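Contents: one structure, followed by commentary.
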Amino acid sequence: MHRRKFLKNSALTSAAVLGTAPLISCAETGTKTSQKISPGRPVTICTWDFGNATEKAWSVLNTGGSALDAAEQGVMVEEADPENQTVGLGGRPDRDGIVTLDACIMDSKSNCGAVMGLEGYVHAVSVARRVMEETPHVILAGDGASQFAAEQGFSRTDLLTERSRQEWMEWKKTSKYTPVINIENHDTIGLLTLDAKGDLAGACTTSGMAYKLRGRVGDSPVIGAGLYVDPEVGAATATGMGEEVVRTVGSFLIVELMRQGKSPEEACREGVHRIMKKNAGRTDFQIGFIALNTRGETGGYCIHPGFSYRQYDSKGHRNTPVESYLKS
Ligand code: ASP
């Protein structure tokens, strides 16, 4: 039997003080509550507890920068952090011990760019942005993406840190050499921005599922799945098991649900429920969506109570309700 438990937001961190971002998280209460936030702009939100990324994005927005620059520069903070083993430098490798990055970026004019399976370059999001701005294409993959990054002047770096290499070696001892569907070994950063002019943008970047089969690509670099931006409606991004997000074209779905009148939170909830309907009986994966509409309203919904997201906005930093769908 499966049953739904609605989890309401609990503010886990300090008060919403200017200069700090609240951590939004889920805690079980058995009841559903809703907390209204004042819409406005600029605003930025990102998946999980990547406060340094939202801080950076906010600093760009708050000094008159564009939504696109803020989205890129926000996620770059996490790409460059070797301690973050789910994004960029220091990301966990694939089954064969090679770190491959997936990323995409999208702006308010439906311009978008993506790289899949990029090896040897820290800032996958910036390579994705160059794909968007310097080529007639949307996606470059594998060797072609690396070649393009080199041609664009990005410097090559070994992304596998000693810590991630050691963990991979340990994993190989007991894994029977098959990748585990991601439960705790993932945490993509998806970051959405609305700037002072009212333009939206988003970026999504990840090293993907840890110890994935070589060549596996998740949702994160797939426009419509891991990220979608529509200037008339809003933007959404996803984290969790990419295969399920791709199957539902998740972020596009969230934006379309907002177009039909749902709030960001309601849209994210409906998206998660659609995925759960297709996965009756499964308890071995996580999915989370966050969304931002053109009015600056935000929302999120997740399967797992550990899901959290960070928000910065022009009224100070505030808590946003996040509910979870739990199966038991
Ligand atoms: N969505 C990512 C992927 O499937 C992983 C994650 O968000 O944690 O590659």
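Counting convention: from 1, in listed order, for ligands and their atoms alike. The shown structure was predicted, so the numbers you read here are calculated from the model rather than taken from an experiment.
Taking the centre and axis of the six-membered ring of Trp168, the NZ or CZ atom of Lys172 falls inside the cone set by 45° and 6.0 Å.
Under a 4.0 Å N-O distance rule, the pair Asp94/Arg214 qualifies as a salt bridge. Salt-bridge formation is not detected for the pair Asp195/Arg41: no Lys NZ or Arg NE/NH1/NH2 atom is positioned less than 4.0 Å from an Asp or Glu carboxylate oxygen.
Polar contact with ligand 1: present for Arg216 (N/O pair, distance under 3.5 Å). Residue Gly218 has no N or O atom closer than 3.5 Å to an N or O atom of ligand 1. Distances between N or O atoms of Thr239 and those of ligand 1 include at least one value under 3.5 Å. The N/O atoms of Ala238, backbone and side chain alike, include none that comes under 3.5 Å of an N/O atom in ligand 1. Checked against a 3.5 angstrom limit, the closest N/O atoms of Thr188 and ligand 1 fall inside it.
With ligand atoms numbered from 1 in the order given, ligand 1 contributes 9 (O) to contacts under 4.0 Å with heavy atoms of Gly208. Within ligand 1, counting atoms from 1 as listed, the ones closer than 4.0 Å to a heavy atom of Ser220 are 1 (N), 2 (C). In the vicinity of Asp219, heavy-atom distances shorter than 4.0 Å reach the ligand 1 atoms 1 (N), 2 (C), 3 (C), 4 (O). Residue Gly240 has at least one heavy-atom neighbour below 4.0 Å for each of these atoms of ligand 1: 1 (N), 2 (C), 3 (C), 4 (O), 5 (C), 6 (C), 7 (O), 8 (O).
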* Evaluate the side-chain contact (heavy atoms from CB on, under 4.5 Å) criterion for residues Thr100 and Ile98: first the C-alpha distance (whole Å), next the side-chain angles of each, then the deciding distance (0.1 Å), finally the verdict. => CA-CA 6 Å; Thr100 64; Ile98 300 163; 4.1 Å; yes
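No side-chain donor-acceptor contact under 3.5 Å links Glu78 and Asn52. In summary, the side chains of Gln260 and Glu256 do not present any donor paired with an acceptor at a separation below 3.5 Å, with no hydrogens or angles considered.
Under the side chain to side chain donor-acceptor pair (under 3.5 Å) rule, Tyr301 has a single partner from Glu265, Arg269, His273, which is His273.
Contact annotation: for Met209 versus ligand 1, heavy atoms closer than 4.0 Å belong to the backbone alone.
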